[in-house]
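Atoms within each ligand, like the ligands themselves, are counted from 1 in listed order.
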Amino acid sequence: MSDKDDRRCDLHLHTNFSDGLLRPDTVVRKAKELGLAAIAISDHDAVGGIDIAIHVGRLLGVEVVPAIEMSCIYRKTDIHMLGFYMDYHNPDLLGFLYKVQQKRLERAQKMVSKLNQAGVALDIERVMAIAGGAALGRPHIAQALVERGLARTMDDAFNRFLGYHCSAYVPKMEIPPVEAIGFIKNYGGIPIAAHPGSYNDEELLNMLITSGLMGIEVYHPDHNAAKTEHYLEIAQKNRLFITGGSDCHGGRKGRLFIGCVTVPYRNLAAMKAYKGIP
Ligand code: AMP
Ligand code: ZN
Ligand code: FE
Ligand code: FE
């Protein structure tokens, strides 16, 4: 094997099957333009975009890794859990995700009614149209607010209406992170803590490692150099997989773009070797 392998991978991307703006095939095309060797499609609580991406990836020569980003809650804090290489066609898995997505819809309905009670004239139909069948999230509500001139920007919508501290906020279905680890493993996947720097909870991270966590997303736009170094040390000390990616939402979450954070192919190769994937 050549010791000069310069292939790069972006292992955290969203599509319009959750709150990304781009279709899976567009994401793959962009990855190809950027010269990426592999990308992971990791939508929030959804796997519907994976097969299209794999198909287009085969045509274009971009390896597409099946993944998910599960939304978990621990002591009222949002914790995201990435799962790589799950058996994402399993009917039980799909049934569970359907339930999670139904709960997301009910939650959006509740948030819109709360906004209506506060005199903000927004209708759920428009929010659902924006989501277009995707796993419905606050970014879709935010976009509707901006579109109606009820908020200036997405940030403004989150700050005034949709953030935790706001009166219209409704929590999502509670999935404890330890349960997500079990769920991902149960379907043959590799559970990885997504951007742990966003909650900074060492005790929790240690507890997750004890509970079977298999990797840490060390490289992420929200991690500065110090945090990156910190999580790299933890991952190495515990012999965990090390992943990273741009968390690109195709523009819906600001300027983040595909490939702005990548990892060497050997990081992906380590997970593939574990899974016995050639
Ligand atoms: P939800 O899963 O419905 O609670 O929505 C959370 C999502 O909103 C996260 O994936 C973030 O990417 C996104 N988000 C959080 N804050 C903002 C913001 N200020 N602008 C755009 N998207 C945001
Ligand atoms: Zn998102
Ligand atoms: Fe996340
Ligand atoms: Fe994400």
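At least one N, O or S atom of His14 sits under 2.8 Å from the Fe ion (ligand 4). At least one N, O or S atom of His44, from either the backbone or the side chain, sits less than 2.8 Å from the Zn ion (ligand 2).
When the N, O or S atoms of Asp247 are ranked by distance to the Fe ion (ligand 4), OD1 comes first. Nearest N, O or S atom of Glu69 to the Fe ion (ligand 4): atom OE1. Considering just the N/O/S atoms of His12, the one nearest the Fe ion (ligand 4) carries the name NE2. Within Asp19, OD2 is the N, O or S atom that lies nearest to the Zn ion (ligand 2). For His80, the N/O/S atom at the shortest distance from the Fe ion (ligand 3) is named ND1.
Between Asp78 and Arg138 there is a salt bridge, with a side-chain nitrogen of the basic residue lying less than 4.0 Å from a carboxylate oxygen of the acidic one.
Screening Thr26, Ile41, Leu21 for a side-chain contact (heavy atoms from CB on, under 4.5 Å) involving Thr15 leaves a single residue, Ile41. Each of Leu208, Ile209, Leu204 was scored for a side-chain contact (heavy atoms from CB on, under 4.5 Å) with Asn206, with one residue passing: Ile209.
Side-chain atoms of His249 come within 3.5 Å of backbone N or O of Asp247 as a donor-acceptor pair.
When the salt bridge (Lys or Arg N to Asp or Glu O under 4.0 Å) test is applied to Lys272, the partners found at least two apart in sequence or on another chain are Glu63.
Between His12 and His195, the ring-plane angle classifies as parallel under the 30° and 60° cut-offs.
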